[in-house]
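All remarks here apply to the structure that follows.
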Amino acid sequence: MWHDIKRIAGLAWPVLIGQLAVISFGVMDTAMVGRASAFDLASLALGGSIYITVYVGLMGILVALSPIAAQLFGAGERAAIGEEVRQAFWLALFLAIPGFVLLSHPQLILHLSEATPELETRASAYLQILAFGLPAALLFRVYSSLSNAVAQPRIVMMIQLTGLALKVPLNLVLIYGVERLGIPALGSTGCAIATTAINWVSCALGLVLMARHAKLREFAIFSRFCWPHWVAIRALLKLGVPMGLSYLIEVTAFSFMAIFLTRLGDVTLAGHQIAANLGALVYMLPMSIAIATATLTAQAIGARDFKAAHLVGRHGIAFAGLLGIGLAAAVWFGRPLIVEAYTADPLVAAVATPLLAFVAFYHVFDALQVSAVFVLRAWKVTVVPTLIYALSLWGVGLGGGYILGFNSWGVSPVWLHGASGFWFANSASLAVAAGGLLLYLRWVAREKG
């Protein structure tokens with residue numbers, strides 16, 4: 001067991017640092033915009049929830065490259081990996097088209113929030129700027145999926161850290177403005193401009209490394225040009241669409257919380273944004289372990305060593321669960337300090353503090369469910385996990401949250417009215433998802449021998 005945990009940790013730590021760099025974009029945006037104004041923070045929460053819904057749903061389809069490339073790597077089929085990457089590039093460009101349209105014309109989705117006209121206008125401007133960075137973000141995801149699949153997460157990490165280093169000064173200039181340079185304070189709109197610019201820088205660096213890095217050059221990705229091949233793209237879609245849907249279900253369980261909570265005002269939405277941001281931050285640890293576990297599992301499957309694949313999957317889930325308990329305890333006891341770091345507004349802090357208790361509670365189940373679903377993806381099993389997500393996260397989580405938070409059935413206790421009701425139901429939904437996925441993985445393990 002300890003041998004597998006050591007291997008998982010060796011791959012997980014650069015993934016974790018890279019993912020923390022990415023999530024730090026959102027943390028910095030939330031903290032820096034929150035100190036600009038509650039209105040800007042509310043527009044960031046609303047616009048960001050829609051952007052992440054679109055991006056993650058499309059990105060999830062491209063993540064299908066990871067188990068495919070990892071199994072080919074385990075089987076020693078290097079040339080086949082290069083062809084899969086070329087087709088994934090085409091798929092990324094195709095997916096960018098509907099994504100760009102949705103982000104450029106977000107009015108229909110924004111209407112669901114019943115936001116004020118001023119808030120809707122600001123969130124719309126935020127999304128329209130991010131639309132221009134979406135193609136670059138999707139192309140970078142191809143690079144990231146390949147690098148993780150062949151156990152080279154450090155080269156992804158370095159690009160993500162570079163982006164973070166650029167994000168800090170860009171945010172400072174664009175959010176608060178520089179009067180002597182004639183740059184106005186743009187608030188949340190400045191965050192979108194900074195993110196779009198960094199997406200294109202990261203994309204360019206990824207393409208250069210694909211062509212020149214010694215560990216990736218062997219796949220000869222740019223050795224020749226090829227047109228889209230429907231058979232290869234269909235295989236990516238067959239695996240990727242259920243994966244994309246599961247990502248979409250997972251993220252909409254949070255993004256629609258923000259949309260619904262907009263009805264309760266800027267302060268409630270800002271408090272929810274802090275809890276959601278922290279939840280995403282602590283999620284990076286189990287997700288990094290899950291990515292590393294899935295890589296090793298898929299490579300073992302490609303090498304036809306099914307016993308090793310089962311063992312590393314099981315050990316990775318146990319590892320994620322134990323660390324999840326420790327991190328949940330840290331969040332629980334550190335709630336006052338965490339909220340203070342995010343906001344100086346006492347009204348926003350009063351909303352956020354009790355929500356962090358739910359973050360601590362659900363994190364343990366979140367760690368178990370994400371590690372289980374990634375192991376299932378390593379086996380190229382995606383349809384049933386997507387159904388489990390839909391029933392738990394949409395049914396129990398979002399549906400239950402609406403009933404409790406808005407007391408729509410007249411049975412919700414007072415302490416669950418508002419944002420607390422949504423977060424309570426979300427916690428319950430992750431417990432259901434974790435139980436369902438672990439039981440299904442046990443069945444798959446028996447079927448795969």
Problem set entry | Derivation and outcome, side chain to side chain contact (heavy atoms under 4.5 Å, CB included), residues Lys307 and Asp305 | CA-CA 6 Å; Lys307 181 179 179 181; Asp305 189 349; 4.1 Å; yes
Exercise. Going through the checks in order, is the side chain to side chain contact (heavy atoms under 4.5 Å, CB included) test met by Val54 and Leu127?
Worked result: CA-CA 10 Å; Val54 174; Leu127 291 167; over 6 Å; no
Problem set entry | Test side chain to side chain contact (heavy atoms under 4.5 Å, CB included) applied to Leu327 and His363, step by step | CA-CA 8 Å; Leu327 194 52; His363 176 69; 3.6 Å; yes
Problem set entry | Residues Val150, Leu216; criterion side chain to side chain contact (heavy atoms under 4.5 Å, CB included); working and verdict | CA-CA 9 Å; Val150 299; Leu216 301 180; 4.1 Å; yes
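In this pair, Phe361 and Phe365 present their aromatic rings perpendicular. The plane angle is above 60°, beyond the 30 to 60° band. Between Phe260 and Phe256, the ring-plane angle classifies as tilted under the 30° and 60° cut-offs. Between Trp379 and His310, the ring planes are parallel. Angles under 30° get that label, and only those over 60° would be called perpendicular.
When every heavy atom of Pro106 is checked against every heavy atom of Ser124, the shortest pair comes out as CG-OG, 3.7 Å. Between Val373 and Pro385, the shortest heavy-atom contact is CG2-CB, 3.9 Å. Considering all non-hydrogen atoms of both residues, Met210 and Tyr143 come closest at CE-CA, 3.2 Å. When all heavy atoms are compared, the tightest approach of Ala298 to Gln71 is O-CG, 3.4 Å. A pairwise comparison of heavy atoms in Val359 and Gly279 identifies CG1-CA, 3.9 Å as the closest pair. Closest approach of His272 and Leu355 over heavy atoms only: CA-CD1, 3.9 Å.
Judged purely by atom type and a 3.5 angstrom limit, Asn426 has no side-chain atom pairing as donor or acceptor with the backbone of Phe422. Formation of a donor-acceptor pair under 3.5 Å by the Thr196 side chain with backbone atoms of Ile129 is found in this model. Formation of a donor-acceptor pair under 3.5 Å by the Thr386 side chain with backbone atoms of Pro242 is found in this model. Between the Thr252 side chain and the Leu248 main chain, a donor and an acceptor come within less than 3.5 Å of each other. No donor-acceptor pair under 3.5 Å is formed between the side chain of Ser145 and the backbone N or O of Ser66. Remark: side-chain polar atoms of Thr295 are paired, donor with acceptor, to backbone N or O of Asn148 under 3.5 angstrom. Judged by distance alone, the side chain of Gln299 and the main-chain N or O of Ala149 form a donor-acceptor pair under 3.5 Å.
Other residues, nucleotides and ligands contribute over 12 non-hydrogen atoms within 6.0 Å of the CZ atom of Arg335.
Interatomic distance, CG of Leu437 versus CG of Leu368, reported as 10.0 Å (0.5 Å rounding). For the atom pair CD1 of Ile68 and NZ of Lys380, the computed distance is 5.5 Å after rounding to the nearest 0.5 Å. Distance OG1/Thr382 to CG/Leu245: 9.5 Å, rounded to 0.5 Å. The structure places CZ of Arg154 at 4.5 Å from CH2 of Trp13, a figure rounded to the nearest 0.5 Å. Rounded to the nearest 0.5 angstrom, Leu130 CG and Ile50 CD1 are separated by 11.0 Å. Atoms CD1 and CH2, from Ile249 and Trp394 in turn, are 4.5 Å apart once rounded to the nearest 0.5 Å.
Taking 4.0 Å as the cut-off between side-chain N and carboxylate O, Asp29 and Lys167 count as a salt-bridged pair.
Counting heavy atoms from C-beta on, the side chains of Met287 and Val15 never come closer than 4.5 Å. Residues Val282 and Asp366 form no side-chain contact, since every pair of their non-hydrogen atoms from C-beta on lies 4.5 Å or further apart. Inter-residue side-chain proximity for Ser202 and Thr162 is flagged as unmet; no heavy-atom pair is nearer than 4.5 Å. Contact annotation: the side chain of Leu391 never approaches that of Val396 to less than 4.5 Å [non-hydrogen atoms, C-beta and beyond]. You'll find the side chain of Ile317 reaches within 4.5 Å of the side chain of Leu441, heavy atoms only. The closest side-chain heavy-atom distance from Leu62 to Met59 is not below 4.5 Å. Contact check for Leu404 versus Trp409: no side-chain heavy atoms found under the 4.5 Å cut-off. Leu430 has its side chain within reach of Gln369: a pair of non-hydrogen atoms, C-beta onward, lies under 4.5 Å apart.
Relative to the six-membered ring of Tyr247, Arg141 misses at least one condition, a distance below 6.0 Å or an angle of at most 45° to the axis.
Inspection of the Tyr283 and Gln19 side chains reveals no N or O donor paired with an N or O acceptor under 3.5 Å.
Each of Leu44, Ile193, Leu103, Thr195 was checked for a side chain to side chain contact (heavy atoms under 4.5 Å, CB included) with Tyr126, and the lone residue meeting it is Leu44.
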